Amino acid sequence: MKKLSITLFAILLAFTSFSQNSIEEEIKELRKKAKLLFNEGVRFAEEGDYTKAHLKFDEALFIYPEFANPYLERAKIKILNQEFDLAMNDVSKAIELNQNLAEAFYIRGYMKLLMNDFQNALTDFTHAVQKGFTEPEAYYYRGLMNFELADYNSALIDFTLAIDKKYDFAYAYNERASSKRMMGDYHGAIHDYKQALAYDSTIIVAYDNRASCKIKTGDFQGAIEDFNKAIQKDPEFYTALNNRGSAHYQMANYESALRDFEKVIEINKDYAPAYNNLGITKIRMTNYLGAEKDLDKAIEIDPEYGEAYLNRGYAKEFLGKFPAACADWKMAKELGIEEAEKYMSECEE
Amino acid sequence: MRLIKTTLLSLFILLVIISSSFAQEDIKIKKSDYQIDFKEVGFKEAWKNIKEGEKLYSAGLGTFPQALAHYLKAYKYNPDCASLNYKIGVCYLATDKFYYAAEYLEKAYLKDNNIASDIHFMLARAYHFNLDFENAIEQYKAYYSSFSVKELEKLEINVDNYIKQCKYGQDLVNNPVRVIINNLSERVNSEYDDYNPVLHPTEDIMYFTSRRETDGKDKRYEGDNKYLENVFTSEQAGDLWKRPNILDNKLESKGNESVLTISKDGNKIYLYNGDENGGDIMVSELKNGSWKSPKGISNKILSKNKETTVTFSPEENEMFFVSNQEGTIGGMDIFYSKLDEKEKWTEPTNMGAAINTIYDEEGVYWHPTEDKLYFSSQGHNSMGGFDVFVIERDENGMWSSPVNLGYPINTPNDDIFFKMDENNKQAYYSSVRDNGFGGKDLYKVIFLGEEKELKLKTEDIFLAWNHKPKEDLFYKNPSEFKVDTALFMVGTVSDSKTGEGINFAKIELIDLEESRIIATGLTDTAGRYQIKIPKKKDYGVELTAKDYLFFVEIANLSQKQVVESKVTANFQLDKIDVGAKMILNNIFFETNKATIKEESTAELERVAKLLKENPTIRLEISGHTDNVGSYRANQKLSESRAKSVVDYLIQQGVAAGRLEYKGYSFNQPVADNNTAEGRARNRRVEFKVLSK
């Protein structure tokens, strides 16, 4: 009853000539008009003129506020404009008006994803799929949510469904590879990263990820080659640089590791892991004083960085600063680093 | 100058090695080699330094540092003189700045490969000291091979043992022990040799031996031209040791001397006296606050030979000492004695070949509370010079095999007189290290706990989505949810035998009118592909996949039905197996000739590529004809055509041995020779895989 009165109010405002015809006939006419406005909006959106599209959807909703689709399309435009709150209002309204509007669930799921509300996003993506929105992206995003919620097996299934729908879905290959990796299937992951790159060589994280998997399989040389490709494609890709330095460290190429970690710091002076890694590389090179300074910096940036405390304890031990080393191990223990408890047994006297 | 007849507590590695090498050749720096043509400026002063250096160098090890100072001044005038570089290198080898030696010796060798008969040995020593074991081994071998068999028999230097030391060194350096090694600082150490630290039981006084200059009237030892040994004491103040003083005159001998150990109650001090009987262990008792004159420890222990260090069990009823007396296995050995019922020392016994080696053992020290004996040895698995070892006595009184205390406690130089504290937390000893103040220095070793893990931090961006502008993946225009009008060619590429999809098969679509590739696709793990095509018409399709024969065909898409904007075309590929055959449909010859037409190039290049990508396979190229004409004429034509193909492939870089050719005339038709179309199909070239 309330909806009807709102509609009647809108009709009265829009059409002053309204008088003789029956209300039902007029409503039909207005709804037809609203759909035409909606279709105009769609055409503007297709042409990329989102401002005009938005206006048309507004007009359609003005004369037919119970029309779910304009809310949905308007929400999509608002997302593009980064007006997330308004977008959320629109898409929720669309779902309220039409529970079978599968795409609306998909869009709301996406909104929730952006808000890091992974559990509710997962629910919406599942509704979208169940209600018939079976675009590959729907499975892909549901896969992302499963991955974020650490359900790697479900994520793997979703990414596979996305790939089944779109065989060259490079991103889905990368994410499926990461799911396999989290489940310990490094060779399977390497294969999927390779597929991702075959379909889209601009996904540079796939090089970095594949390199990390190669390290797990003992192929350090292959890993370095992949890191090189990632860094070559994006010289500012500092996590890849940090990872390459780590590979060099594990291969005991400390000079090369040092150069990489220093380069990371040049790019991002607030990246605590690089200071931590630089510190332990210096420890390996028996430069304990230098190591202590780097680890000080890592802790200054991130006072909750348990590993850095553990490592600084190591440097301090070699500098003969035994009480300070013990204090660091104690802190590391408090921050959840299990090994620290064992080391503290040397501090008891 | 009259030299006193005395012996040192211990002879060290540098003395032995440098002396031996000197005995072989005396390199002199010649003026003609040193003076640079027409360069008079600075020569006079430089040559004066050379002469001074030569004099000090000839005097012996004790004045090598001074010789080096002169040589380095002379070096400024001519840094390229081979003999000067050689001498600087040798001088550095004899100091604690040994790590500079390699640079000069390398230069000397570079300037004159024959600069000295022992240049390879000196280079080997320099690399050995610098822990560059691989190069050291190479140089030791080069030195060894520079001698004839007869000369080798007389060679005093045991090159094989040095090589062994290098190999042990590689192991030890790769598995370092967790210690901190601190120099006792320049307050205690001097620019001369300082060694054999002995802590008083109260642990606040340290006795040590030094060959430093004391009052300007010091005498030098004839063996190495260094000052004689004297005992010094240093008192502890907090964590530091104070400046040392020379020991009470009453305990001093005229020649070399050293404090060896002090009884637990502090009332007996054991000393080494180099003046006595070839070198003896003496003991002095503290009475009424002053030390009595030292006396020989026991007639049973002492001999005409040399007895040096001594140590006692925690109960002081057992003793180890070092001597080269009768019964030695080689050089200085460790001997054992104990108190009998009459409180007399028993006849000493050699500790045996499991502990003593043909090389010297020295610096015995019994752990204050445990049944552990520390000593230094030039044998066992020493990485060079004296290394510190430990043995442990079990419940049955059996001593274990010696265990090297490891790097960095031990080095290729002399590491000796090791004294562990009762808690096994720290120790004092003497060593030659790169942070020293000259010669041997006293060091404190702090033992760290067990090996600890270092935590490396890596971070991956697992999800590609996290590394990309989000809307690219997300946003779809409303229209995109409607029917897509684009046309696709879809299908599968599978194995002709198993039917399984082939992953990563490459599909190239060729526009036959324009003779160019218009689209390329790859198959997925199930062998599926999808290629967007501009319009529905016939295309040339070329398929390639690893381990499969290539495939070229006309895809008759114009005849196919479009279902949901898709035209389906499936393909099968043959695996490269022995016996696999392939008809090369696109090789064309001039009529009745073996001349290959230009339009055949693409097909021939495909075959050449296949051979290059599969470097082990061998092919038979066969020619075939229709049945028009005589068998003989067709046989000749078919063979010539096959040979033309082989010749072409050889020109493309394929090894001739990988190809065979054969003409089959019309014996192997693949179609009916009664029709024009059949005859065209029979006129062909094939290949067959002979081996892979």
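For clarity, every value in this text was computed on a predicted model and none was experimentally measured. Residue numbering restarts at 1 for every chain, and letters A, B, ... go by the order of the sequence lines. When reading the values below, keep in mind they use all heavy atoms of this one structure, side chains included, and skip hydrogens, waters and symmetry mates.
- Tyr167(A) and Tyr199(A) have their aromatic ring centers within a separation under 6.0 angstrom.
- A cation-pi arrangement is not found for Lys452(B) relative to Tyr314(A), the charged atom failing to lie both closer than 6.0 Å to the ring centre and inside a 45° cone about the ring normal.
- In terms of heavy-atom pairs under 4.5 Å with chain B, the best-connected choice from Leu319(A), Asn174(A), Thr239(A), Asn277(A) is Asn277(A).
- In this structure, chain A has a heavy atom under 4.5 Å from the side chain of Asn503(B), while its backbone stays farther away.
- Contact count versus chain A (heavy atoms, under 4.5 Å) is highest, among Val179(B), Leu454(B), Ile180(B), Thr525(B), for Leu454(B).
- Ranked by heavy-atom pairs shorter than 4.5 Å toward chain B, the options Leu72(A), Asp168(A), Asn242(A), Ile163(A) are led by Asn242(A).
- Both the sub-6.0 Å distance and the 45° axial angle are not jointly satisfied by Lys97(B) relative to the ring of Tyr100(B).
- Taking chain A as the reference chain and counting heavy-atom pairs below 4.5 Å, the highest number among Asp460(B), Thr458(B), Ile446(B) is found for Asp460(B).
- A salt bridge links Lys76(A) to Glu103(A): at least one charged side-chain nitrogen sits closer than 4.0 Å to a carboxylate oxygen.
- Between chain B and the residues Gly306(A), Ala196(A), Ala272(A), Ser178(A), the most heavy-atom pairs under 4.5 angstrom are made by Ser178(A).
- The residue among Leu310(A), Thr281(A), Ile203(A), Asp208(A) with the most heavy atom pairs within less than 4.5 Å of chain B is Asp208(A).
- Between Phe38(A) and Phe57(A), the ring planes are tilted. Angles from 30° to 60° get that label.
- Judged purely by atom type and a 3.5 angstrom limit, Arg433(B) uses its side chain to pair as donor or acceptor with the backbone of Pro408(B).
- Chain B forms more heavy-atom pairs under 4.5 Å with one residue of Ala211(A), Ser179(A), Ala274(A), Ser212(A) than with any other, namely Ser212(A).
- The candidate with the highest count of non-hydrogen atom pairs below 4.5 Å against chain B, out of Glu339(A), Gln195(A), Arg43(A), is Gln195(A).
- Proximity to chain B (any heavy atom under 4.5 Å) is restricted, for Leu113(A), to the side chain, taken from C-beta onward.
- Neither the backbone nor the side chain of Tyr288(A) has a heavy atom closer than 4.5 Å to any heavy atom of chain B.
- Figure legend: cation-pi geometry between Lys194(A) and Phe504(B), with NZ or CZ positioned under 6.0 Å from the six-membered ring centre and within 45° of its axis.
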